[in-house]
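In this text the structure is predicted, and so the values were computed from the model without any measurement. Just so it is clear: chains get the letters A, B, ... in the order the sequence lines come, proteins before strands, and each one is counted from 1.
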There are 2 protein chains.
Amino acid sequence: MNASRTARERARAELTREIKEEARRQLAEQGAQKLSLRAVARELGMVSSALYRYYPSRDDLLTALIIDAYDALGETAEAAAAAAEEPRARWRALCHAVRGWAVAHPHEYALIYGSPVPGYQAPRATIEPAGRVALALAGVVRDASPPDTGDELPEGLAAQAGQVAAAAGLDMPLTVLVRALVAWTQLFGMIGFELFGHLVGSADPADEFFGFTVERMADFIGLPALPASRTVR
Amino acid sequence: MNASRTARERARAELTREIKEEARRQLAEQGAQKLSLRAVARELGMVSSALYRYYPSRDDLLTALIIDAYDALGETAEAAAAAAEEPRARWRALCHAVRGWAVAHPHEYALIYGSPVPGYQAPRATIEPAGRVALALAGVVRDASPPDTGDELPEGLAAQAGQVAAAAGLDMPLTVLVRALVAWTQLFGMIGFELFGHLVGSADPADEFFGFTVERMADFIGLPALPASRTVR
DNA sequence: CGAGTATAGAGAGCACCGCTCTTGACAGTG
DNA sequence: CACTGTCAAGAGCGGTGCTCTCTATACTCG
């Protein structure tokens, strides 16, 4: 009886996965706007209404894709950070990994870091995976334990940074944490600009510009320069 | 006969304007995705097919709105830069003006700096207005004539910067120009993160964070600190 | 001034969309 | 075997962008 029940559930899990796969395919081909339940169903050889047994609405399907994207990007970032030793090398690896993922999955990147889908409110479930990259970034900085930068932090900003540090268990100078926050927005700003074509007239292709900026961000945070081989990359 | 001809054309221009106005209203209320030709026509008391005499497609209407948005933001930026004297004050004013416009017109901002509409290719006509903000930014930096930062620029990046400088008539050290480019992406990255809710768990409200970052960017580029009153803002 | 023409909006219609409700088939259970 | 819960299917609703045809009207010119 347990086996039979599992059989049904297996079929269900299988189809759920296939739906998501097909949806991701369409997402990659034509973007989130054009993602249509009917088209997904058509491609899967089923009728549109049947899809609603798996995802109660188009937005719910989108949410599933969003969570998957956050998780995939987060995992990429964590793996890159774990693969290097030196703080600056880890920083570089992480930044380039994030960019690499974004370039490889532009539509999924746009889904999570582009303009939010109007009327769509990101559910609670997306918050945790959304924080993974930022956490990985902050972790790299913390492990490098750079010195206090001496910035004068406005009261409210210091309080916000304190809360972040407490919530994430990040034991580091608040000035460094705030600078890491700045670098965080810089990283995604640059990637977004590249992906969305705003660099076309200036720094496109953006490889060298990206590499340059990553180094300046590392300087900005106070990560030590690499000891031996000083590949500027 | 010229007057009569003008009469017809006037009516046409009037309606064109009204269509754009109504479209902008809907854009501001519900975002680009929900912008519907039928709804615009309904609100204007005409039939949907009649709209096609004014804009051949929904995308063309969107293009008109995009150009308007770029122009509005560019004008805001230019005005802010012109209203101050000291380089750092001009820099501050410009950055805060851009952010202010973005916060006041989130959907229009998302339209131009969010994920591009899939399948939609920005026509040539958008390029020039799109560059206005960047040009205003670069102008402020050039007028401050900060010294060469001494960065080692990779070959390709230096070439790209040289082309930009030549095309825009910006006579300044390439290292400074590249750093201004970095700050440019930083500025929009931060604004985008704030608008799209990515700062919610960390630096939200973002006023102080934004102010802090603007100052660090000014430092980064090499803009001199304000002489007398050193309001950190 | 009157005939002809260009331009305007109206309306029907096509193919698609998200989503709902009902119906009939089927598997698993007592 | 009868029952129950799950599933896909189908029809249908109101909406979308867009096209086509038709008619009324404003303008132009002989």
Please tell me whether A/Gln186 and B/Thr185 have a donor and an acceptor in their side chains that are separated by less than 3.5 angstrom. yes
Computed from five pairs at either end and rounded to 10 degrees, the angle between the axes of the helix from C/dC1-D/dG30 to C/dG30-D/dC1 is 10°
When rounded to whole Å, the CZ to C1' distance for the pair B/Arg12 and D/dC27 reads 15 Å
Base, sugar-phosphate alone, or nothing: which one does B/Leu51 contact when heavy atoms must sit under 4.0 Å apart? nothing
Ion pair present between A/Glu21 and A/Arg24, side-chain N to carboxylate O less than 4.0 angstrom? no
Base, sugar-phosphate or nothing for A/Leu61? Non-hydrogen atoms, less than 4.0 Å. nothing
Legend entry - Distance-only side-chain donor-acceptor flag, B/Asp60 / B/Ser57, under 3.5 Å: yes
Tightest non-hydrogen contact, residues A/Phe209 and B/Val178, listed as CE1-O, 4.1 Å
In whole angstroms, the gap separating C1' of C/dA8 from CD1 of B/Ile19 amounts to 12 Å
Scoring nucleotides 10-21 of chain C by protein non-hydrogen atoms under 4.0 Å (B base, S sugar-phosphate only, - none) yields BB-B---BBBB-
Cationic N near anionic O, under 4.0 Å, A/Arg25 to A/Glu43:
no
Here the distance between atom C1' of D/dG17 and atom OH of B/Tyr55, to the nearest Å, is 17 Å
Is B/Tyr54 close enough to C/dA8 that one of its side-chain N or O atoms is under 4.0 Å from OP1 or OP2 there?
no
Would you call A/Lys34 and A/Glu29 a salt bridge, taking side-chain N to carboxylate O under 4.0 Å as the test?
no
So CG of B/Leu137 and CZ of B/Phe188: to nearest 0.5 Å the spacing works out to 7.5 Å
Using a 3.5 Å distance criterion without hydrogens, assess whether the side chain of B/Glu108 forms a donor-acceptor pair with backbone atoms of B/Tyr70.
no
